Structures are given as C-alpha cells and as structure tokens.
*Asks:* 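Got a structure for you, written out below as structure tokens; questions coming shortly.
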There are 2 protein chains.
Amino acid sequence: MNSIDVALICRAMGDSNRLQIVQMLSEGEKCACKLLEKFVITQPTLSHHMRILCECGLVEVRKEGKWNHYTLNCDTLAAFINFISGLECCGKDVGLCQ
Amino acid sequence: MNSIDVALICRAMGDSNRLQIVQMLSEGEKCACKLLEKFVITQPTLSHHMRILCECGLVEVRKEGKWNHYTLNCDTLAAFINFISGLECCGKDVGLCQ
DNA sequence: CGGACGAATAGATAATTGTCAATATGTCAT
DNA sequence: ATGACATATTGACAATTATCTATTCGTCCG
C-alpha cells in the first residue's frame, strides 16, 4: 500500500462521524438505517460519507433489496494497519531506542 | 485515546505531504530544512503543516538555536497504532471470522 | 400498475483547507 | 549593534468539504 492510498484512508477517517462509522463496522456488518439512527445527520449526508469510505477501499457495500449493508474491507484494513504499525518513533539521531 | 483525538491525527495524516513528513520522521529526527528540501512547497507552508502535526500531538519539536528538529511523539504514536490495530473486519453478523 | 420506502444524485451554501507572497520574529556571528 | 538566516505570522485566494433541501432512482408488495 502506497502513501497516496494511506493518505486517502486517513482523510476518510479524519471526519469524526466517519471514524465512528468505522468503529461501528468494526463490530460487524451494519445496514445504513442502523448507522443513520446513531447520528444526527440526514440520509443524503450519510450516503455521502459512505461513498467516501467506500471509494478509499476501506468499506464494502452489500446491496440486498432496498437495503445497503456495510462492512470493513479486510484486505484494505489489514494493509492500512500494517502501514501504520510500521511507523516508528525511536529512530532518534542518537541511534538508541527509549 | 478517544475518537476525537484519533480523528484529529487521521486528519493530520490525510494530507499526502504531511503523511510523507511522518514517514520521514519515522526514520528519525529531521530538521525543518531537511524536510523542506524534499517537497516543492514554500517555508511558510511547511511551517503550517508542522503546526498541524504538532497540534494533534503526533510530532514534537526541539528548538536548537535557529533550527527546529522534529520527531514523532512516541506516546501519541503508540496510542494511535493501538487504536487502529484494534479495528476488526471479521465481525460479520454470521459470527464467523473468514 | 402504483404507492411506499431505502438509497443516490443534484444543487446550493457556509466552513475549512492548502498554498503563496509579504512581513515579522528570533537567534547567531561579526 | 547589525546583517544573515531559520522560523512564524498575516492576509489573501482558490479548492475542497460537510451539510442541507429537493428530487430522482430502484425495489418491493398489494
């Protein structure tokens, strides 16, 4: 996963509504209606947020009749976690960790 | 670390210049001049980006005479990695992973 | 078919953001 | 003190964004 993809995901998660949506999806698949209950936003606004989350690859939608069911995309999430986990803070010029 | 802090950090890393700066700092402490070399932005713009990175707590500055030296903040980074790593994708309604 | 209902799109708007040029501030060396 | 240089601040502007209302599109059921 390259920096551009990571930046896109970060940007997607940089909105607090969307971050909370990601947290909810981390618990498992949720339908749009369920998500909508949780926030004080309109349906078009939720649709907008879900689109951004889907476009960066972090979220997938399963359409079932009239309803949309959302899940986190395992591959994207794993790659993102991998990237973030690879960041280090101890590489001081001193050459010592801690 | 609560969602608001995480969203702030994500937003900070949601700009591709800033994400690349974070990657560079992951290699170790860097001075502003060194960072500036790497990007096609002006000094005030770099200053602006560093401020955003510092304000969310991800980056720390060490002022030494005329120069600023930046590092990643270990505590914040660790808390952030911890939060992100805690996200899961396999919590489908089915109740099965994979 | 036709109404009901969930989701998407269009259009508008206020707020935020990334960037720059110009200027100010702070620190060092002479 | 004064000039040189690193950084910060200010003010401006174009681009992006989060949100809404109004409308359209899709799917189901009677």
Side-chain angles (χ1 to χ4, degrees), chain A residues 3-25 28-73 93, chain B residues 3-25 28-73 93:
Chain A
S3 313
I4 297 175
D5 297 330
V6 173
L8 261 183
I9 294 174
C10 284
R11 179 167 289 221
M13 297 209 308
D15 175 88
S16 78
N17 280 336
R18 288 195 294 263
L19 180 60
Q20 286 179 68
I21 290 170
V22 168
Q23 283 186 274
M24 290 179 67
L25 297 184
E29 186 179 74
K30 294 274 185 301
C31 72
C33 49
K34 193 85 176 227
L35 294 172
L36 197 49
E37 281 175 11
K38 264 283 205 172
F39 303 94
V40 283
I41 57 175
T42 61
Q43 175 269 318
T45 299
L46 178 67
S47 180
H48 164 76
H49 286 315
M50 298 318 295
R51 180 174 170 154
I52 288 173
L53 287 170
C54 287
E55 278 178 352
C56 75
L58 191 57
V59 167
E60 281 182 330
V61 59
R62 177 171 68 82
K63 286 172 180 284
E64 192 182 40
K66 293 188 292 185
W67 290 277
N68 282 7
H69 300 269
Y70 297 100
T71 49
L72 295 183
N73 178 318
D93 274 352
Chain B
S3 314
I4 296 173
D5 298 329
V6 173
L8 261 182
I9 294 174
C10 284
R11 181 169 291 218
M13 297 209 306
D15 175 87
S16 79
N17 281 335
R18 288 195 296 263
L19 180 59
Q20 286 179 70
I21 290 171
V22 168
Q23 283 186 274
M24 289 178 69
L25 296 184
E29 187 179 74
K30 294 274 182 302
C31 72
C33 49
K34 192 86 176 226
L35 293 172
L36 197 49
E37 282 175 9
K38 263 285 203 172
F39 302 93
V40 284
I41 56 176
T42 61
Q43 176 270 318
T45 298
L46 178 67
S47 181
H48 163 77
H49 286 314
M50 298 319 293
R51 179 176 172 151
I52 288 173
L53 287 169
C54 287
E55 279 179 350
C56 75
L58 191 56
V59 166
E60 280 181 328
V61 59
R62 178 171 67 85
K63 286 172 180 284
E64 193 181 40
K66 294 187 292 184
W67 291 276
N68 283 7
H69 300 269
Y70 297 100
T71 49
L72 294 183
N73 177 317
D93 273 351

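Per chain, numbering begins at 1; letters A, B, ... match sequence-line order. Keep in mind that what you see is a predicted model, and the values were worked out from it rather than measured.
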*Asks:* Find which nucleotide of DNA chain D each of Ile52(A) and Lys63(B) is nearest to by heavy atoms, and output the residue with the more 5' nucleotide.
*Replies:*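 Final value for this comparison: Lys63(B).
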*Asks:* Once you round it to whole Å, what is the distance between P of dA18(D) and CD1 of Ile21(A)?
*Replies:*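 So the two atoms are 11 Å apart, to the nearest Å.
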*Asks:* Please tell me if Arg51(B) has a side-chain N or O lying less than 4.0 Å from either OP1 or OP2 of dT9(D).
*Replies:*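 Answer is yes, contact under 4.0 Å.
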*Asks:* Write down the atom of Asn17(B), the atom of Asp15(B), and the distance for their closest heavy-atom approach.
*Replies:*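 Of all heavy-atom pairs spanning Asn17(B) and Asp15(B), the closest is N-OD2, 3.0 Å.
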*Asks:* Do Ser3(A) and Gln23(B) have side-chain heavy atoms sitting under 4.5 Å apart?
*Replies:*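 In contact.
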*Asks:* Nearest to the side chain of Asp15(B), which nucleotide is it out of dT19(C), dT9(C), dT16(D)?
*Replies:*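 Selected nucleotide (nearest to the side chain): dT19(C).
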*Asks:* How close or far is atom P of dA18(D) from atom CD of Gln20(A), stated in whole angstroms?
*Replies:*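 Distance check: Gln20(A) CD to dA18(D) P gives 14 Å.
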*Asks:* Between atom CG in Leu46(B) and atom P in dA21(C), what is the gap in whole Å?
*Replies:*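 Spelled out: CG on Leu46(B) to P on dA21(C) is 15 Å.
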*Asks:* Starting from C1' on dT16(D), measure out to CD on Glu55(A) and report it in whole angstrom.
*Replies:*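 Value for this atom pair: 14 Å.
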*Asks:* Write down the distance between NE2 (His48(A)) and C1' (dT16(D)), rounded to a whole number of angstrom.
*Replies:*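 Rounded to the whole Å, the gap is 10 Å.
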*Asks:* Between atom CG in Leu53(A) and atom P in dT17(D), what is the gap in whole Å?
*Replies:*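 It works out to 13 Å between those atoms.
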*Asks:* If you apply the rule salt bridge (charged side-chain N to carboxylate O under 4.0 Å, His left out), what do you find for Glu60(B) with Arg62(B), and how did you get there?
*Replies:* CA-CA 7 Å; Glu60(B) 280 181 328; Arg62(B) 178 171 67 85; over 6 Å; no
*Asks:* Please figure out whether His49(A) or Leu36(B) has its closest DNA chain D nucleotide nearer the 5' end.
*Replies:*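 In this pair, the answer is Leu36(B).
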*Asks:* Leu35(B) pairs by side chain to side chain contact (heavy atoms under 4.5 Å, CB included) with which of Met50(B), His49(B), Gln20(B)?
*Replies:*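 The side chain to side chain contact (heavy atoms under 4.5 Å, CB included) with Leu35(B) is passed solely by Met50(B) among Met50(B), His49(B), Gln20(B).
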*Asks:* dA6(D) C1' sits how many Å from Lys30(B) NZ, rounded?
*Replies:*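 In whole Å, dA6(D) C1' lies 19 Å from Lys30(B) NZ.
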*Asks:* Phosphate oxygens OP1/OP2 of dG18(C): is one of them under 4.0 Å from a side-chain N or O of Arg18(B)?
*Replies:*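 Result: yes.
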*Asks:* Does dT16(D) have its OP1 or OP2 closer than 4.0 Å to a side-chain nitrogen or oxygen of Arg11(A)?
*Replies:*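 No, outside the criterion.
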*Asks:* What does Cys31(B) touch in the nucleic acid at a heavy-atom separation under 4.0 angstrom: a base, only the sugar-phosphate, or nothing?
*Replies:*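 Since no nucleic acid heavy atom lies under 4.0 Å of Cys31(B), the category is nothing.
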*Asks:* Could you check Leu25(B), Thr71(B), Asn73(B) and say which one makes a side chain to side chain contact (heavy atoms under 4.5 Å, CB included) with Val59(B)?
*Replies:*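 Among the candidates, only Leu25(B) passes.
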*Asks:* Starting from C1' on dA7(C), measure out to CZ on Arg62(A) and report it in whole angstrom.
*Replies:*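 My rounded result for the distance is 16 Å.
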*Asks:* Side chain to side chain contact (heavy atoms under 4.5 Å, CB included) between Lys38(B) and Lys34(B): does it pass, once the steps are laid out?
*Replies:* CA-CA 7 Å; Lys38(B) 263 285 203 172; Lys34(B) 192 86 176 226; over 6 Å; no
*Asks:* Classify every nucleotide of nucleotides 20-30 of chain D by which part a protein heavy atom approaches to under 4.0 Å, writing B for the base, S for the sugar-phosphate alone and - for neither, in 5'-to-3' order.
*Replies:* BBB---BBS--
*Asks:* Taking Arg18(A) for the side chain and Ala12(A) for the main chain, is one N or O donor matched with an acceptor at less than 3.5 Å?
*Replies:*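 Such a contact is found between Arg18(A) side chain and Ala12(A) backbone.
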